[in-house]
Engineer: 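Before we start, here is the structure in question, set down as structure tokens.
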Amino acid sequence: MTMKNLIYILLAAFLFTACNNAEKKETEVENDLAETKVSAENKELPELSIYNLPSTWTTQNGENIQLEDLRGNVLVMVMIYTSCKAACPRLVADMRNIEKQVPEGDLDNVKFIMVSIDPETDTPKRLKEFSIENDMEDDHWLFLRGTPEDTREFATVLAVSYKKISPIDFSHSNIISVFDEEGVLVHQQEGLGVDNTETIQAITTEVSN
Amino acid sequence: MKNSKKTKKGLIVGFFFAALFAGLFSSCEKAVAAKEDPESMKVYGESEAEMTAPPFVPRPVGKRAATKLIVNMEVIEKEMEMSDGVTYVYWTFDGTVPGSFIRTRVGDEIEFHFKNHPDSKLPHNIDLHAVTGPGGGAESSFVAPGHESVFTFKTMNPGLYVYHCATAPVGMHIANGMYGLILVEPEGGLPPVDKEYYVMQGDFYTEGENGERGLQAFSMEKAVNEDADYVVFNGKVGGLTGDNALTAKVGETVRLYVGNGGPNLVSSFHVIGEIFDKVYVEGGAMINENVQTTLIPAGGAAIVEFKVEVPGNLVLVDHSIFRAFNKGALGILKVEGEENPKVFGGKIEEKVYNPGTSVSGVTEEATEGGLSAEMSMAEKMERGKQVYTQNCLACHQATGAGIPNAFPPLASSDYLNKDVHRAIEVVKFGLTGEIQVNGNVYNSAMPKQNISDEDVAAVLTYVYNNWGNNKSEVTQEMVKKVK
Amino acid sequence: MKTLIRLAVCIAVMIQSQAYSQSGSMVEVKGGEFIPLYGTKTEVPVGDFLMDVYPVTNAEFQQFVESNPRWRKSQVKKLFADDNYLRNWKDDLSLGEGMLPNSPVTNVSWYAAKNYCECQGKRLPTVDEWEYVAMANEKQPDARTEKTYNQFILSWYETPDTYKKTIGNTFKNYWGVYDLHGLVWEWTSDFNSVMIGGESRKDSTGDNNLFCGAAAVGATDLMNYAAFMRYAFRGSMKAQYSVKNLGFRCVQDVEKSEL
């Protein structure tokens, strides 16, 4: 065996953990299932659930969470970056408008989530400031930041496109997505300041389910 | 965001003009004000739209109520013939150029299922000019290979509309054949006619020059310069001639739905030997009568109607005439039936005319060129076919069958086979007067063909070695001798 | 324990594939700056990296699904691959009729391609990286102004069924990479950075207030319609899509390879 091959083995061993994370996790879940009683949380995920995505995110409060930790909530998600001066303030306003129209009693079961497409700039500290500036401090507001790679992958699930076009600016699509309690996409609205009746209806329908 | 100001300004100007128009037309608006608003028209039932390949159109809507209409369309990229020996990779709606004809009525709710074949290399979409909405459906229909997108719209305005692909680079998608027509009939349908056909003009840009054989690639450079190699009806040279010719019978009223896909050229649509009794100008509601040539813009359409009173071949052309005779924009509507001398008497006499003066400065001299090298038999056959296609086919037809009572057959022709020198004479100098061919009498005129001796030899060799003739080979020497 | 066994299998498979697979080989691409044909009007930097010499083949992907059952077509999650995933395969582990082991693998989703590369210790190239390498012809690192280069690319866009060819069929470019043009489209890690929607005409009107900083996004050279088509293709993709004419290859950062 040559030196080169040895390196490859080492490399493989090193990388395996990264590439098969998801599978390992599944195995653990299986074991859990065998040993403990089946709780709702451990019910098999629908194939289209975003909780199939294994990734870790940091919140505006500096906590690390798995997407799956959000399971059981209806999610309203949008991708923004805090230094954006053009579309994002309007997207944020759109989110706020939606939030205002969701009945108070439903809000406990809904999370309004802003995912940063600029994780380099949007540190947890910056996200926290942003949430204060925008008066989005209630528990149902969540700001998430991940690795550039996980962010890109997450965007593919939302069918959001974005591109860094200068050191401080991104171009991006303006899509607000609603996910049901199992993490399956149920509704999307595209555009700025568009009629949000259907979005709100989707949220209330999912909450009452 | 930056541009929002500019857009607003544009909108205001737009509104201004809209208001102006509304004012201008308010008087005639009143007349139709009683009609139902298409938006609030109720739809009854659901059906799948009949789709037809050109030159045919689906059945008229007639008196049917507005309905939910399912339209299925598939994008297919495939190599097809552009002209004799010339092929091209067309991008098509439903495998034909133009794409399938879609027929609807005002108030229909269209559910459009737009598919892109898995073999496609590229994403595509469709912008229907009949759609009221962003991009004419372009964004909603954008679809990757092996996928399908579904979008809906309501037909708000009656008329004949172009649809086309609007994916980047837009010009190229259109230049490759991605266009077609959608008809929105008014309530109660268009008045019935005897024959309806679907004709669409398009211009094509190839790396090789017109006629250069083999698979030809698209030339962006020529397209940008609007330097078309082919201008054709229904996707190819000969798309409406020979076996593809349209037909009608004497006494019938013919309606042509004519579109122009472009991408660049505007069509001066004309039918040689007819006058349009009616033209739905630009495919809209305004009807003009007694029109000779109607202008069809790129990305526009017109409906023309005429009653055919006499038999014969009517020739559809873009009257920007070099396009017709040199680039392919030529089609035939074959009208069969009884002669009608009241309408057209034909030639009744021909005599010598000699005013006894001479127009100075013009001396007629036969060109006495030397002989070029004699072609081989195979070369003659190939060259001959081209010469035939360009000079003879329109009258004597692709199979040499001729046209009864008008142009004598060249296939198994006793007249030809009897005397090769006479045949050369006819091609070189023309022929008028009565002749008998295969037992039938013909009395028409064939003009002298302005082609080189070399080409006369080639085309006659081609004719003699086809369609059951006696396989003579004609040489330049023989042609030269006939004087 | 189970995990350990799987680890061993994965390593074994990888050694094997390294041993005989020609497309396991990579070449180094020296980074630099260039102005892509779409998306920006300024120079973008590209770092040094290694790129697979060939696109990933059917045979290689077959091995991958053997050792990674979750990417078999019967087991793949809908979130990660649509119904066209490995569409022409006879079953989970065997290629369909007429498919050659040495042809580029197609009908694979972005997620599958990405994970394949990760399992090799590699990653998908970015759009900029891919375009950077793909602007080379045999002799020059940037042949975009060469007529013959553009014609070659266009002619493959217009040739049907090129995905059936085997790897190594086209020219070896300046960097030593084959088949970037001529066989299949290729996934890129940030394919969804392309802002071409279905309504491409908006892009040239500038009336594009849907996008932040839209003014900066546009083609640098509209005449280069070959590249435009490539970007339009990316713009039409979603990550779960599996397309007959779309394959992939991997790249690797230089530092990582020197581990």
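Bear in mind the structure is a predicted one, so any value in this text is a computation, not a measurement. Labels below follow one simple rule: chain letters A, B, ... track the order of the sequence lines, proteins then strands, and each chain is numbered from 1.
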Engineer: Under 4.5 Å, heavy atom to heavy atom: which of residues 114-129 of chain A reach chain C? Give them by number, or say none.
Structural biologist: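 Heavy-atom contacts from residues 114-129 of chain A to chain C are absent.
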Engineer: Give, as side chain, backbone, both or neither, the part of A:A155 having an atom under 4.5 angstrom from any heavy atom of chain C.
Structural biologist: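 For A:A155, the contact with chain C is made by backbone and side chain together.
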Engineer: Check whether any side-chain N or O of A:E47 sits under 3.5 Å from a backbone N or O of C:K77 as a donor-acceptor pair, and report yes or no.
Structural biologist: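 Looks like no, no N/O pair under 3.5 Å.
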Engineer: At a heavy-atom separation under 4.5 Å, does A:V184 approach chain C through its side chain, its backbone, both, or neither?
Structural biologist: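 The answer is neither part of A:V184.
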Engineer: So C:N192 and A:R152, do their side chains get closer than 4.5 Å, heavy atoms only?
Structural biologist: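 When only atoms from C-beta onward are counted, C:N192 and A:R152 do touch, with a gap below 4.5 Å.
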Engineer: Show your reasoning for whether side chain to side chain contact (heavy atoms under 4.5 Å, CB included) applies to A:Y162 and C:D190.
Structural biologist: CA-CA 9 Å; A:Y162 66 91; C:D190 55 345; over 6 Å; no
Engineer: State whether the number of non-hydrogen atoms from other residues, nucleotides or ligands found under 6.0 Å of C:D48 atom CG is greater than 12.
Structural biologist: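 Correct, the count exceeds 12.
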Engineer: Hey, does A:Y51 have a side-chain heavy atom less than 4.5 Å from the side chain of C:L79?
Structural biologist: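 No, every pair of side-chain atoms sits at 4.5 Å or beyond.
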Engineer: Got more than 12 heavy atoms from elsewhere within 6.0 Å of CD, A:Q201?
Structural biologist: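 Count not over threshold, so no.
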Engineer: Heavy atoms only: give me the nearest A:N52-C:F80 pair and the separation to one decimal.
Structural biologist: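 The answer is O-CZ, 3.5 Å.
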Engineer: How many angstroms lie between atom NZ of C:K114 and atom CD of A:E149, to the nearest 0.5 angstrom?
Structural biologist: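 Spacing of NZ (C:K114) from CD (A:E149) equals 5.0 Å.
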Engineer: Heavy-atom distance under 4.5 Å to chain A: side chain of C:V76, backbone, both or neither?
Structural biologist: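 It is the backbone, since no side chain atom gets that close.
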Engineer: Any chance you could measure C:K238, atom NZ, to A:L158, atom CG, to the nearest 0.5 Å?
Structural biologist: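 Reported value, rounded in 0.5 Å steps: 11.5 Å.
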